[in-house]
Amino acid sequence: MPADEVASAVGWLAGEPLCGPLGVGPAQLWALARTPERDGPRLTLRDVEEALGQARTAGRSDALDHVGPLFERLDGPERAFFAGALTGSLRQGSLGGVMVLALAELSQRSEADVRRVVMVVGSVAGAARALLGPQRDEAPEAALVLFRPLAPMLASPAESLTQALARVRHARIEWKIDGVRAQVHKAGARVAIYSRQGHDISAGCAPVLDALATVNATDAVLDGEVVLEAPDGTPRPFQESFSAVASKSVPRDGGRLRIYVFDCLRRDGVDLLDAALSSRLDAVEAIVPNDLRMPGLRTDSPDEAARFHAAALAKGQEGVMVKDLDSPYRLGARARAWQKVKEFATVDLVVLAAEWGSGRRKGFLSNLHLGARRDDGTFCMVGKTFKGLTDELLRWQTGRLESLATERAGHVVMVRPELVVEIRFNGVQRSPRYPGGIALRFARVVRYRDDKAARDADTLASLVASLPASPSTSRSVEKAEERERRKKRQLSLFDP
DNA sequence: TGCGAACTCTC
DNA sequence: CTCGAAC
DNA sequence: GTTCGAGGAGAGTTCGCA
């Protein structure tokens, strides 16, 4: 690629196009992909960027006017490629992670250096521009830039607290709150909050912005979690925290939107990305008031950690994080520097239907519709899952479900409700979609229960009972129930 | 004007 | 977000 | 140890259509 098109090319190859989301999604793109091709000069990458740049600024209703003509001039494989990249469904076996390796090779730098550039620039494509573009810098920016969000450090799952502790030398254990990740940038009186994907969510976090005014630093970059709490400090379910942030609404019922800060990436002009967690925590303690800090402790005592864990759960938290006190912020973090320990439960549910898979699961019945038993012997769908299945199990269940098939509608195969499957899940949440009003969160298959019949499956009532006690039903659920009532009234008009 | 589909975002 | 497969 | 691909849940916003 010519140097001035490297960033664009990398964006497309990594499935993160420079234009960002267009407001034109899969439905329209795949429709466009079937329109007749038009003769004419071949499109260059530059033509594509220009058209999509205009689509981006045009707003959602007019975006299609720019994307449509573009697609007319693309041939079949090109259409599939661009539609795939734009919908985030490019399946070519290499995305950002592989691109980092390529950039390291091409720019003759270490992987760690390239990862650092990606992190401070905020995207793989941007890093490609800095490393290989026309104005390439021999010493590309390695320091973070205020009000340009960084890719936040993530955690890997651990099966248990014991396992998590065994994988670090010196541990920091802290609450894992089920809220919205928040990266705070502060310079003087100016404060902004960014989400995990780097979107500015400041507008939805007004009370938090006010609280952050008390952070005692001329400038700072902080990492934390925003959550809606009941007046007594109990965290509200994730749905309500998300709703509060997304709708920019003032919390009702005395609810309080709070931030819990757990890391500091920059303090008073000093970059702390390479510093050990222990000194970053020192920085948090130095500049963040106590009521804005994530509760936690540094300990090498398994007993102390276990007590902290139990207390966190008693407080209604999602679980705990276990972190390596010696680790830097993501850089070279090949080891599991951050681990999450979350609660889960298991139930035995009945397979009501399955969906044909796609991609590497083409030809296999993959996505299971899960039903809980009602007292009257019928089943109520409470979620789907395709997780936890090995290729071998996938083969087995395809054959087994085919033998139970009753009817086929599109890619869904209905089956006689006879097969019982043990499902592990993260929690029960209110659902406006399923008839029972609940849905499982993060469900996955543990194993099939050949020893159980459908009549032995767990009941809807037992799942409903595990919903967190909720004085206030979220607005969306009220709306859904109202919709349901309206539908029933209408049906009764036609079918008295 | 009201509704649902499509899209974007969180976990 | 979660998991298994692949590298 | 890391990345990729398969796909899950809800909620808010925008926009075309009846």
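Since the model is a prediction, treat every value here as computed from it, not as a measurement. All chains are named by letter (A, B, ...) in the order of the sequence lines, taking the proteins before the strands, and each is independently numbered beginning at 1.
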Exercise. Can you tell me if the side-chain N/O atoms of A:Lys340 get under 4.0 Å from OP1 or OP2 in C:dT2?
Worked result: yes
Exercise. With distance as the sole criterion, do the side chain of A:Arg60 and the base of B:dA6 form a donor-acceptor contact below 3.5 Å?
Worked result: yes
Problem set entry | Length of the line joining A:Asp178:CG and D:dA9:P, which is rounded to integer Å | 17 Å
Exercise. Nearest nucleotide by nearest heavy atom, which residue falls closer to the 5' end of DNA chain D, A:Arg361 or A:Leu440?
Worked result: A:Arg361
Exercise. Just checking, is any N or O donor in the side chain of A:Gln339 or A:Arg167 under 3.5 Å from an acceptor N or O on the other one?
Worked result: yes
Exercise. Which part of the nucleic acid does A:Tyr434 contact within heavy-atom distance under 4.0 Å: base, sugar-phosphate only, or nothing?
Worked result: sugar-phosphate
Exercise. What's the verdict on side chain to side chain donor-acceptor pair (under 3.5 Å) for A:Gln397 and A:Tyr448, showing C-alpha distance, side-chain angles and the deciding distance?
Worked result: CA-CA 9 Å; A:Gln397 84 174 17; A:Tyr448 276 97; 2.7 Å; yes
Exercise. What's the CZ-P distance between A:Phe442 and B:dT10, to the nearest Å?
Worked result: 14 Å
For this session: Between C:dA5, B:dT8, B:dT10, spot the one nearest the side chain of A:Pro21, thanks.
Result: B:dT8
Problem set entry | Minimum-distance nucleotide (side-chain atoms of A:Arg360 versus C:dA5, B:dT10, D:dC4) | C:dA5
For this session: Have a look at A:Ser241 and say if it touches a base, only the backbone sugar-phosphate, or nothing, with a 4.0 Å heavy-atom cut-off.
Result: nothing
Exercise. Which listed nucleotide (D:dG8, C:dA5, B:dC7) is nearest to the side chain of A:Thr390?
Worked result: C:dA5
For this session: Could you tell me whether A:Ser61 contacts a base, only the sugar-phosphate backbone, or nothing, with contacts defined as non-hydrogen atoms closer than 4.0 Å?
Result: sugar-phosphate
For this session: Look at all strands and tell whether A:Lys362 reaches a base, only sugar-phosphate, or nothing, counting heavy atoms closer than 4.0 Å.
Result: nothing
Exercise. Is a salt bridge present between A:Asp178 and A:Arg441, judged by a nitrogen-to-oxygen distance below 4.0 Å?
Worked result: yes
Problem set entry | Nucleotide nearest A:Pro432 (side chain, heavy atoms from C-beta), chosen from D:dA11, C:dC3, C:dA6 | D:dA11
For this session: In whole angstrom, give the distance that lies between atom CG of A:Leu64 and atom C1' of D:dC15.
Result: 12 Å
For this session: Could you check A:Val67 against A:Leu52 for side-chain contact (heavy atoms from CB on, under 4.5 Å), going step by step and ending with a plain yes or no?
Result: CA-CA 7 Å; A:Val67 182; A:Leu52 294 183; 4.0 Å; yes
Exercise. Atom CG of A:Leu228 to atom C1' of D:dG12: distance rounded to whole Å?
Worked result: 16 Å
Problem set entry | Sugar-phosphate, base or nothing in reach of A:Asn426, heavy atoms under 4.0 Å | nothing
Problem set entry | Nearest listed nucleotide, side chain of A:Phe238, among B:dC9, B:dC11, D:dT3 | B:dC11
Exercise. What is the distance from CG of A:Asn367 to P of D:dA9, rounded to the nearest Å?
Worked result: 7 Å
Problem set entry | Nucleotide nearest A:Phe242 (side chain, heavy atoms from C-beta), chosen from C:dA5, C:dT2, B:dC9 | B:dC9
For this session: For the residue pair A:Phe147 and A:His185, categorise the inter-ring angle as parallel (less than 30°), tilted (30 to 60°) or perpendicular (more than 60°).
Result: tilted
Exercise. DNA chain D: A:Met99 or A:Glu355, which has the more 5' nearest nucleotide?
Worked result: A:Met99
For this session: Assign A:Leu90 to base, sugar-phosphate, or nothing according to its heavy-atom contacts below 4.0 angstrom with the strands shown.
Result: sugar-phosphate
Exercise. Is A:Gln92 touching bases, backbone alone, or none of the nucleic acid, heavy atoms closer than 4.0 Å?
Worked result: sugar-phosphate
For this session: State which residues pass side-chain hydrogen bond (donor to acceptor under 3.5 Å, both in side chains) with A:Lys387; sequence neighbours excluded, sorted by chain then number.
Result: none
Problem set entry | Phosphate OP1/OP2 of C:dC3: any A:Thr385 side-chain N/O under 4.0 Å | no
For this session: Give A:Lys176 one of three labels, base, sugar-phosphate or nothing, depending on what nucleic acid heavy atoms sit under 4.0 Å from its own.
Result: nothing
Exercise. Between D:dG8, D:dG10, B:dA6, which nucleotide has the shortest distance from any of its atoms to the side chain of A:Ala27?
Worked result: B:dA6
Problem set entry | A:Arg169: side-chain hydrogen bond (donor to acceptor under 3.5 Å, both in side chains) partners, not counting sequence neighbours | A:Asp326
Exercise. Between B:dT10 atom C1' and A:Arg236 atom CZ, what is the distance in whole Å?
Worked result: 18 Å
Problem set entry | Residue A:Arg424, side-chain heavy atoms: nucleotide from D:dC4, D:dA9, C:dC3 that is nearest | C:dC3
For this session: Give a yes/no on whether any side-chain N or O of A:Arg433 is located under 4.0 angstrom from OP1 or OP2 of D:dA9.
Result: yes
Seminar exercise, completed: When rounded to whole Å, the NE2 to C1' distance for the pair A:His411 and D:dA6 reads 13 Å
Problem set entry | Short side-chain N/O contact from A:Ser195 to OP1 or OP2 of B:dT10, under 4.0 Å | yes
Problem set entry | Residue pair A:Tyr329 / A:Asp274, side-chain donor-acceptor N/O under 3.5 Å | no
Exercise. Are A:Arg115 and D:dT3 close enough that a side-chain N or O sits under 4.0 Å from OP1 or OP2?
Worked result: yes
Exercise. Among the nucleotides B:dC9, D:dG10, D:dG5, which one has an atom lying closest to any side-chain atom of A:Arg91?
Worked result: D:dG5
Problem set entry | Side-chain N,O (A:Gln239) to OP1/OP2 (D:dA11) below 4.0 Å | yes
Exercise. Which nucleotide sits closest to the side chain of A:Lys387: D:dG8, D:dA9, C:dG4?
Worked result: D:dG8
For this session: Specify the separation, in whole Å, of atom CD1 of A:Ile423 and atom C1' of C:dC3.
Result: 12 Å
For this session: Name the nucleic acid region contacted by A:Ser89, choosing base, sugar-phosphate or nothing; use a 4.0 angstrom heavy-atom cut-off, strictly under.
Result: nothing
